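The next block holds one structure in the form of structure tokens; read it before the comments.
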Amino acid sequence: MSDSAKWYVIHTYSGYENAVKTSIEKFVTGRGMEDVILRMEVPMETVKEVTESGVTKEVERKVFPGYVLIKMVLTDDTWHLVRNVRGVTGFVGSANKPIPLTEEEVLAMGMEKHEIVVSYHVGDHVKIVDGPLASFTGVVEEIEPEKDRVSVMVSMFGRETSVELELDQVEVQD
């Protein structure tokens, strides 16, 4: 059932974000709903602030004040549970229909990471499977998994050219 879980945005009173998150977590464990309400986040960022006296200090602050992100399977029960928590004003969406975040939005917020398993190594012959150079072949020069990048030496127009691609744009050549 958790395969159909999506990320939704809950609108709260400003300053109630953590209280809403804690309340929902208590309801979820109390009612055994861990399989339909999977995760909640109050996105935070660390910012350097300079005080009037010129002292720099690091401060944690909410990225989206007044909002809590929740990954859940939308059912009547989960909708009612969330809507009836003190401090919640509703879901982001139209009327009584919450709109889930797109996969791109979730990735851009850093809420979830796609793990790409790299089946090739430096020196392997690979085929480009996506992008403007699809169907070209080349040799892997460098792999940077933390940046989701791979450098491939491709022969184009009789010249060797190094191209930067995403890890999932190439596969081992048969």
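Everything quoted here is computed from the prediction, not taken from an experiment. Numbers here simply count residues along the sequence, with the first being 1.
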Treat each ILVMFWY residue as a node, draw an edge where side-chain heavy atoms are under 4.5 Å apart, and state whether Met156 and Val152 are in one component. yes
Hydrogens and angles aside, do Gln173 and Thr137 bring a side-chain donor and acceptor to less than 3.5 Å of each other? no
As an exercise, state the distance from NZ of Lys6 to CG of Leu74, rounded to the nearest 0.5 Å. 10.0 Å
Rounded to the nearest 0.5 Å, what's the gap from NZ on Lys71 to OH on Tyr8? Could you check? 11.5 Å
Begin with the C-alpha distance, continue with both residues' side-chain angles, and end with the deciding distance and a verdict on side-chain contact (heavy atoms from CB on, under 4.5 Å) for Val170 and Val129. CA-CA 5 Å; Val170 299; Val129 294; 5.8 Å; no
In this structure, CD of Glu144 is separated from CZ of Arg149 (nearest 0.5 Å) by 8.5 Å
Under a single-linkage definition using a 4.5 Å side-chain heavy-atom cutoff for Ile, Leu, Val, Met, Phe, Trp and Tyr, are Val139 and Ile143 assigned to the same hydrophobic cluster? no
Taking C-beta and beyond as the side chain, do Ile99 and Val92 meet within less than 4.5 Å on heavy atoms? no
More than 12 heavy atoms from other groups under 6.0 Å of CG on Asn84: yes
Do NZ/NE/NH1/NH2 and the carboxylate oxygens of Glu171 and Lys127 come within less than 4.0 Å? no
Please find the pair of heavy atoms, one from Lys62 and one from Pro65, that lie closest to each other, and give the distance. O-CD, 3.9 Å
Whether the side chain of Gln169 engages the backbone of Leu167 through a donor-acceptor N/O pair (distance < 3.5 Å, no angle test) should be reported. no
Looking at side-chain heavy atoms only, is the closest gap between Glu105 and Trp7 below 4.5 Å? no
Are Phe157 and Val163 connected in the hydrophobic side-chain network, where two residues link if heavy atoms are under 4.5 Å apart? yes
So CD1 of Ile70 and CG of Leu81: to nearest 0.5 Å the spacing works out to 7.5 Å
I would like to know whether Met72 and Val82 meet side-chain contact (heavy atoms from CB on, under 4.5 Å); could you show each step before the answer? CA-CA 10 Å; Met72 67 178 198; Val82 172; 4.2 Å; yes
If you apply the rule side-chain contact (heavy atoms from CB on, under 4.5 Å), what do you find for Met40 with Ile24, and how did you get there? CA-CA 9 Å; Met40 272 169 295; Ile24 294 173; 3.4 Å; yes
Close aromatic pair by centroid cut-off 6.0 Å: Phe91 and His11: no
State yes or no: do Val126 and Met153 share one hydrophobic cluster built from I, L, V, M, F, W and Y residues joined by side-chain heavy-atom distances below 4.5 Å, directly or via other members? no
Establish whether Val140 and Val172 are linked, either directly or via other cluster members, by ILVMFWY side-chain heavy-atom contacts under 4.5 Å. yes
Passing candidate, side chain to side chain contact (heavy atoms under 4.5 Å, CB included) with Val73, options Ile37, Val36, Leu38: Val36
Between Ser155 and Gly158 (side chain of the first, backbone of the second, donor and acceptor by atom type, cut-off under 3.5 Å), is there such a pair? no
Distance, nearest 0.5 Å, that separates NZ of Lys21 from CD1 of Ile10: 11.0 Å
Can you measure from CD (Glu60) to OG1 (Thr46) and round to the nearest 0.5 angstrom? 3.5 Å
Note: Val63 and Met44 closest approach over all heavy atoms is CG2-C, 3.7 Å
Extract all donor-acceptor atom pairs below 3.5 Å that involve side chains of residues 47-59 and protein atoms in other chains or at least two apart in sequence.
{"residue": "Thr51", "atom": "OG1", "partner": "Ser53", "partner atom": "OG", "Å": "3.1"}
{"residue": "Thr51", "atom": "OG1", "partner": "Val55", "partner atom": "N", "Å": "3.2"}
{"residue": "Thr51", "atom": "OG1", "partner": "Val55", "partner atom": "O", "Å": "3.2"}

Considering non-hydrogen atoms only, spot the tightest contact between Glu142 and Val122 and give its length. CA-CG2, 4.2 Å
Does a donor on one side chain sit under 3.5 Å from an acceptor on the other, for Ser162 and Glu141? yes
Might you work through the side-chain contact (heavy atoms from CB on, under 4.5 Å) test for Asn18 and Val20, ending with a clear yes or no? CA-CA 5 Å; Asn18 292 326; Val20 165; over 6 Å; no
Name all residues meeting the ring-ring contact (aromatic ring centres under 6.0 Å, His included) criterion together with Tyr16; count only those two or more places apart in sequence or in a different chain, and write none if there are none. Tyr13
For Pro43 and Glu41, which heavy atoms make the closest approach, and how far apart are they? CD-O, 3.5 Å
